[in-house]
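Starting from 1, each residue takes its place in the sequence as its number.
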Amino acid sequence: QVQLVESGGGLVQAGGSLRLSCAASGRTFSSVTMAWFRQAPGKEREFVVCHSRDGVTTYYANSVKGRFTISRDNAKSTVYLQMNSLKAEDTAVYYCAARVGPGSNRRFDYANWGQGTQVTVSS
């Protein structure tokens with residue numbers, strides 16, 4: 001099991017930036033694939049990005065490619081999501097997720113989830 005705690009959400013104007021953090025504990029951080037998902041009101045939880053445990057493979061959803069960047073600090077057991085050029089449609093609760101396995105864009109592949117952090121982008 002991996003325990004995950006997100007932070008860094010907030011209110012930002014369109015075009016602005018935010019950086020989310022997700023601190024992990026309970027398992028060797030370098031052994032898990034990390035991902036970010038998001039869920040807007042009334043919508044399904046959707047994939048944003050994943051970063052494989054070996055650091056080689058990173059997948060981004062088309063909707064965020066070129067604007068969002070995932071990174072991880074294994075020494076701090078933390079993964080980050082840098083979000084630039086934010087749009088109103090990026091408004092959602094952002095969830096950090098972890099799995100023991102390769103990168104995946106399917107939420108059902110992830111057994112470990114954080115509590116979520118709200119990101120609101122005003123237009």
Side-chain angles (χ1 to χ4, degrees):
Q1 281 285 7
V2 182
Q3 291 76 47
L4 303 170
V5 178
E6 302 98 333
S7 61
L11 173 64
V12 64
Q13 288 188 332
S17 298
L18 277 177
R19 189 177 81 154
L20 306 183
S21 300
C22 174
S25 61
R27 190 181 181 99
T28 302
F29 184 68
S30 58
S31 70
V32 297
T33 287
M34 300 299 298
W36 289 93
F37 287 75
R38 66 187 182 185
Q39 188 166 16
K43 294 189 176 182
E44 297 274 330
R45 191 170 299 189
E46 66 173 6
F47 170 77
V48 175
V49 60
C50 69
H51 188 276
S52 63
R53 56 191 172 181
D54 59 7
V56 172
T57 306
T58 302
Y59 298 113
Y60 290 92
N62 288 335
S63 59
V64 306
K65 201 173 293 183
R67 300 187 298 121
F68 290 11
T69 303
I70 190 171
S71 61
R72 64 193 292 164
D73 185 336
N74 286 344
K76 295 183 178 180
S77 297
T78 300
V79 65
Y80 304 97
L81 183 65
Q82 178 66 42
M83 306 185 295
N84 298 328
S85 302
L86 283 161
K87 304 175 182 180
E89 51 263 45
D90 294 318
T91 296
V93 177
Y94 283 72
Y95 295 91
C96 177
R99 71 183 299 251
V100 179
S104 171
N105 62 357
R106 304 189 308 172
R107 59 188 174 108
F108 298 108
D109 285 341
Y110 292 84
N112 305 279
W113 293 87
Q115 82 288 352
T117 186
Q118 176 71 47
V119 171
T120 303
V121 184
S122 63
S123 56

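No chain of hydrophobic side-chain contacts below 4.5 Å, direct or via other Ile, Leu, Val, Met, Phe, Trp or Tyr residues, connects Leu11 to Leu18. Note on Val12 and Trp36: same hydrophobic cluster, where clusters join Ile, Leu, Val, Met, Phe, Trp and Tyr whose side-chain heavy atoms are under 4.5 Å apart, directly or indirectly. Hydrophobic clustering (side-chain heavy atoms under 4.5 Å, transitive across Ile, Leu, Val, Met, Phe, Trp, Tyr) keeps Leu81 apart from Val5. Side-chain heavy atoms closer than 4.5 Å link hydrophobic residues (I, L, V, M, F, W, Y) into clusters, and following such links, even through other members, never connects Tyr80 to Val48. Hydrophobic clustering places Val49 together with Phe29 (ILVMFWY residues linked when any side-chain heavy atoms are closer than 4.5 Å, directly or through intermediates).
Note that CG of Leu20 and OG1 of Thr78 are 12.5 Å apart. Values are rounded to the nearest 0.5 Å. If you take OH on Tyr95 and CZ on Arg107, they are separated by 10.5 Å, rounding to the nearest 0.5 Å. To the nearest 0.5 angstrom, Met34 atom CE is 10.0 Å from Asn74 atom CG. Once rounded to the nearest 0.5 Å, the distance linking CZ of Arg38 with CD of Glu46 reads 4.5 Å. Going from atom SG of Cys22 over to atom OH of Tyr94 covers 14.5 Å, rounded to the nearest 0.5 Å. Rounding to the nearest 0.5 angstrom, the gap separating the OG atom in Ser123 from the CG atom in Leu86 is 12.5 Å.
Heavy-atom minimum distance, Ser17 versus Gln82: CB-NE2, 3.9 Å. Shortest non-hydrogen contact noted between Asp109 and Ser104 is OD2-OG, 2.5 Å. Taking each heavy atom of Val2 and Ala24 in turn, the nearest pair found is CG1-CB, 4.0 Å.
Tyr110 and Arg99 share no donor-acceptor pair across their side chains, judged by distance under 3.5 Å alone.
Residues in residues 32-91 take part in no disulfide (SG to SG under 2.5 Å) pair, two or more places apart or across chains.
The side-chain tip of Arg45 does not point at the ring of Phe37 from less than 6.0 angstrom away and within 45° of straight on.
The side-chain heavy atoms of Gln115 and Glu6, taken from C-beta on, include a pair separated by under 4.5 Å. For the pair Val121/Glu89, no side-chain contact is recorded, criterion being any heavy-atom separation below 4.5 Å from C-beta on. Val79 has its side chain within reach of Cys96: a pair of non-hydrogen atoms, C-beta onward, lies under 4.5 Å apart. In this structure, the side chains of Arg53 and Val32 stay at 4.5 Å or more apart for every pair of heavy atoms.
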side-chain contact (heavy atoms from CB on, under 4.5 Å) evaluation trace for Tyr60 with Ile70: CA-CA 9 Å; Tyr60 290 92; Ile70 190 171; 3.6 Å; yes

Asp90/Val119 under side-chain contact (heavy atoms from CB on, under 4.5 Å): CA gap, chis, key distance, verdict: CA-CA 8 Å; Asp90 294 318; Val119 171; 5.5 Å; no

Criterion side-chain contact (heavy atoms from CB on, under 4.5 Å) on Val64 and Met83, from CA distance to verdict: CA-CA 9 Å; Val64 306; Met83 306 185 295; over 6 Å; no

